[in-house]
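Reading through the structure tokens given below for one structure.
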Amino acid sequence: MANRIQQNMVAFVLNGRPFSVAPDPDETLLETLRQRCGCADVKKGCDEGACGACTVAIDDVAVPSCLVLTVACAGSRIVTSAGLATDPLARRIGAALAEAGAVQCGFCTAGVLITAWSMFRRIPSPDRDTISRELTGNLCRCGGYDLMVEALAGLG
Amino acid sequence: MSSPPPPWPWTDPYVADLSLPGMVFAAMARSTHAHAALRSIDLAPALATPGVLAAVDGRAFPLMGGVIHSSRDEPVLAVDRVRYVGEPLAAVAAVSPEAAKAGAASVAAAFDPLPPVLTMRSVGLDVPLHEEHPDNVLRDVALEFGPVDESFASARAVFAGTYHYGASTHAALEPHGVVAWWRPEGRLWVWTSTQCPHLVQHGVARLMGLEPSAVRVITPRVGGGFGGKSEVFSHEVVAARLSMLLGRPVRLILSREEVFYTHRGRHEALIDLRLAVGAHDEILGLDADIILNGGAYAGMGLVTTYYAGQFLGIPYRVGAFRFRSRRVFTNAPPAGPKRGHGSVQIRFAVERLLDRAALSLGLNPLAWRMSLALKSDETTLNGLKIGSSGFTRCLEEIARMTAPLQCGEGEAIGVAGSAYISGAAFPIIPNRLPHSQAILRADRSGLFVLTVGVAEIGQGALETLRTLVAQTLGQPTDRVLAVAGDTDACPVDLGSYSSRVTLMAGNAVIAAAAAVRRQLLEAAGDRLAVAPESLDLVPNRVVVREDPGGKGMSLTRAIARAEERIGTVIGSGSYAPAVEPGPYPGGALGPSPAFSFTAAAAKVRFDPDLGAVEVTDIWIAHDCGRAVNLARVNAQLHGCALMGLGEALMEQAGLHRGIMDPVGMLDYGVPTARDLPRIHAVVVSAADPAGPLGAKEAGEGPLLPVVPAIANAVARAAGLDICAIPLSSEDLVRPSARETPLSGEAALR
């Protein structure tokens with residue numbers, strides 16, 4: 001039995017700190033982060049990978065955490081928006097979004113921040129078209145895309 | 001003072017992020033039938049589920065819910081009948097969300113199916129949904145203003161069309177949710193994602209058999225509303241009941257599927273419209289027959305029924321008009337208020353028919369609209385008092401921005417106009433009490449703390465109200481803090497709906513700030529031995545207006561002097577509109593202290609082989625009076641453009657084989673960053689004497705003309721008479737697009 005529990009443990013690095021959890025086999029990373037790891041900054045908007053509110057970076061790639069099984073995250077480096085509170089690039093992104101009026105109800109913002117952060121690490125100077133393509137997986141019902149794209153284009 | 005670090009707004013908790021000691025989790029069981037008698041319901045299997053602590057069904061709630069007194073028809077949990085798939089049946093509380101879900105899934109209900117009413121075109125043929133409405137019509141409203149038949153008889157030209165507007169839903173990114181806590185002292189605390197904290201306070205109290213004084217409602221950060229969070233919902237009441245049963249806090253967060261069932265979205269509408277044009281191209285008459293698909297319950301539908309007709313004419317001068325407006329019941333999730341409540345559907349119909357008339361009469365659609373525009377201080381036939389109107393300037397701005405453009409093959413530009421209320425002049429529950437109230441306290445530290453009952457739902461209400469206070473006090477906005485959306489802390493405000501906050505709460509906070517300003521200047525004047533009228537407030541200082549560099553004192557000293565003199569430095573303000581209702585039944589539905597105006601244009605590219613529409617540009621010129629916070633107004637214009645684009649081309653939330661379809665974000669087509677046209681937003685400022693520092697609304701009105709502007713552009717580009725929204729490529733590519741839907745009268749036969 002002890003062996004079995006051992007096998008079910010999943011270890012990953014979350015926001016720079018090692019973490020071990022014992023998830024259910026069908027548990028999504030979103031559930032693990034919100035319910036086991038205290039990551040209230042990761043939002044649940046649709047639970048089917050459509051809205052992007054739960055976006056996190058897994059090994060620097062932005063993905064909706066509701067589509068990832070936690071058991072598949074062993075050994076991964078997971079970053080949520082809260083983990084970027086002191087990251088200079090993320091702070092520049094956050095400040096630019098806020099200044100542009102692109103943070104309205106705010107429910108999409110944490111996911112947008114991760115997507116933008118991941119984009120800038122791959123593409124230091126994205127054009128507007130690239131930015132809007134990258135943001136396609138992050139719905140903003142307040143309709144702030146144009147303001148976001150404008151803000152992010154100014155950072156490149 | 002060094003500037004604060006940039007904000008991290010996503011660290012503020014939403015209701016789903018709240019946790020309390022001993023908190024348990026709730027889930028709901030919902031109807032799997034569109035229409036059925038509920039023979040029995042058995043909670044025993046749910047109570048036997050591991051981890052389940054309590055369960056309730058409709059027997060726990062003897063009173064019917066409903067926002068409007070005359071149409072309380074909605075049970076908290078179904079009692080003897082279910083009326084749509086997804087209707088709440090029972091609720092279960094458990095030690096974990098998973099256990100609650102398992103418990104809810106095991107609730108055993110037995111049904112006797114009834115014939116469902118699945119479209120509003122089959123009304124009268126089926127079993128009525130509500131015994132008191134045998135014809136399945138909630139309300140049949142007919143109003144006439146001026147000589148309509150004569151106007152049509154004497155018209156130079158008469159145009160007629162039948163228009164169908166599809167249902168859509170708000171799809172706010174944050175799902176609805178609640179944490180309810182029945183506390184040991186016998187009070188109920190409710191954290192909920194709502195636009196209307198005081199409405200929820202009173203609604204939950206009534207349905208729980210409590211006094212309103214026993215209920216405290218708190219809104220944490222709210223992840224969008226758009227009208228979809230402005231009623232009292234079953235999940236709020238059942239969480240309260242479960243908490244009372246258990247003596248523990250209960251959290252209930254809706255899944256996205258449940259949000260689609262909760263709905264209250266845009267009413268599907270079928271509109272028969274006639275237009276009479278006179279010898280001088282004036283609108284002699286409008287005549288509309290409007291049928292609204294209300295879904296299973298009344299909700300705010302009475303208001304929708306009136307608004308659809310009352311706003312037929314604005315923003316234009318109309319010689320005579322009449323309407324008949326009927327809201328029918330169907331076995332669908334209830335429709336309700338969505339951004340531009342009641343007005344968006346009729347705007348589509350009127351603006352389409354105007355465009356067809358312009359084409360037929362050889363009139364320039366933009367110049368013609370300009371000649372029809374309502375001007376400042378006019379009163380409409382149905383008694384709407386237009387304060388300031390910047391509509392002509394809005395159209396001029398659209399003309400200026402679009403005039404130099406060339407349209408290529410398959411491209412065209414369409415225009416449309418609109419007007420909207422800045423808050424309803426009369427509350428849902430008739431009374432003469434203030435609609436908005438505010439308290440402002442000057443703190444010894446030099447801060448001003450505003451308490452106001454509105455809910456911040458992402459629209460920027462608090463920033464706008466803080467700005468109004470700051471401007472009244474001559475201070476930077478960051479010196480003003482706001483405490484909002486807590487019914488224990490804040491005086492009553494009707495809530496963040498009806499585009500009322502800037503005007504109504506704005507007037508209240510300005511009155512509160514003016515009182516504080518007076519107290520500070522009197523205290524400073526006393527100390528400086530000068531008349532208070534000669535003093536002025538500038539950032540961090542009180543100065544003599546004529547000699548700002550001369551004697552004066554710091555703001556904190558002025559506050560301290562005032563405290564010495566009068567005690568706590570506090571000002572209050574309240575606002576009730578000084579507007580008369582129209583002198584006819586229903587005349588209270590429509591009037592507003594001020595009206596915003598909007599003109600919009602859209603440029604589209606149409607591919608006739610694919611039926612594909614690409615919207616390349618949207619122009620919006622919006623008259624919001626004086627823009628208190630230009631960045632926030634601009635964000636609202638962008639949001640309206642995107643939501644209008646979605647309604648015009650992508651979004652539909654109706655029944656498919658008796659079930660709401662879709663019920664997920666993946667299938668419901670909210671516009672993404674890739675669907676983004678170029679948006680050109682311009683603010684026109686026709687300051688209104690009724691508005692705070694001249695301000696009017698900006699959150700809803702700008703949506704109204706976007707949909708018809710797109711439809712008008714497509715009609716021109718494709719050479720089709722567009723009569724249905726959303727536009728579908730399938731319809732546009734086939735000749736069937738030229739067929740009009742069933743007329744309203746035929747639908748009811």
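Reminder, nothing fancy here: chain letters follow the sequence lines and each chain counts from 1.
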So what's closer than 4.5 Å to chain A heavy atoms on [X]: side chain, backbone, both or neither?
{"X": "B/Ile457", "answer": "backbone"}
{"X": "B/Asn634", "answer": "side chain"}
{"X": "B/Glu258", "answer": "neither"}
{"X": "B/Val670", "answer": "both"}
{"X": "B/Ala631", "answer": "neither"}

Go through [options] and name the one with the most non-hydrogen pairs under 4.5 angstrom from chain A.
{"options": "B/Gly460, B/Pro671, B/Gly646", "value": "B/Pro671"}
{"options": "B/His638, B/His170, B/Met643", "value": "B/His638"}
{"options": "B/Gly664, B/Gly225, B/Ala171", "value": "B/Ala171"}
{"options": "B/Gly223, B/Ser96, B/Ser19, B/Ser255", "value": "B/Gly223"}

If you take all heavy atoms of [X] and [Y], which pair is closest and at what distance?
{"X": "A/Gln104", "Y": "B/Arg221", "result": "O-NH2, 3.2 Å"}
{"X": "A/Gln35", "Y": "B/Glu98", "result": "OE1-OE2, 3.5 Å"}
{"X": "A/Leu139", "Y": "B/Met665", "result": "CD1-CE, 4.0 Å"}

For the [atom1] atom of [X] and the [atom2] atom of [Y], what is their distance to the nearest 0.5 Å?
{"X": "B/Ile253", "Y": "A/Lys44", "atom1": "CD1", "atom2": "NZ", "answer": "9.5 Å"}
{"X": "B/Glu456", "Y": "A/Cys105", "atom1": "CD", "atom2": "SG", "answer": "9.5 Å"}
{"X": "A/Arg133", "Y": "B/Thr672", "atom1": "CZ", "atom2": "OG1", "answer": "12.5 Å"}
{"X": "A/Tyr145", "Y": "B/Ile679", "atom1": "OH", "atom2": "CD1", "answer": "10.5 Å"}

key: Qualifying residues under salt bridge (charged side-chain N to carboxylate O under 4.0 Å, His left out), relative to B/Glu700, sequence neighbours excluded   = none

task = State which residues pass salt bridge (charged side-chain N to carboxylate O under 4.0 Å, His left out) with B/Glu463; sequence neighbours excluded, sorted by chain then number.
result = B/Arg632

inquiry  = Whether A/Asp129 and B/Arg674 form a salt bridge (side-chain N of Lys/Arg under 4.0 Å from carboxylate O of Asp/Glu) is what I want to check.
reply    = yes

Would you say [X] and [Y] make side-chain contact, with heavy atoms under 4.5 Å?
{"X": "B/Leu173", "Y": "A/Lys43", "result": "no"}
{"X": "A/Cys46", "Y": "B/Tyr668", "result": "no"}
{"X": "A/Arg141", "Y": "B/Leu642", "result": "no"}

query = Would you find a donor on one side and an acceptor on the other, under 3.5 Å apart, between the side chain of B/Glu174 and the backbone of A/Gly45?
reply = no

task = Could you tell me whether a side-chain N or O of B/Tyr14 sits under 3.5 Å from a main-chain N or O of A/Gly106, the two making a donor and an acceptor?
result = yes

ask   = Given a strict heavy-atom distance threshold of 4.5 Å, which part of A/Glu134 is in contact with chain B: side chain, backbone, both, or neither?
value = neither

request  = Kindly indicate, with the supporting measurements, whether the criterion salt bridge (charged side-chain N to carboxylate O under 4.0 Å, His left out) is fulfilled by B/Arg678 and A/Asp146.
outcome  = CA-CA 8 Å; B/Arg678 283 184 293 271; A/Asp146 209 20; over 6 Å; no

Closest-packed option against chain B by number of heavy-atom pairs under 4.5 Å, given A/Val149, A/Asn138, A/Thr136 = A/Thr136

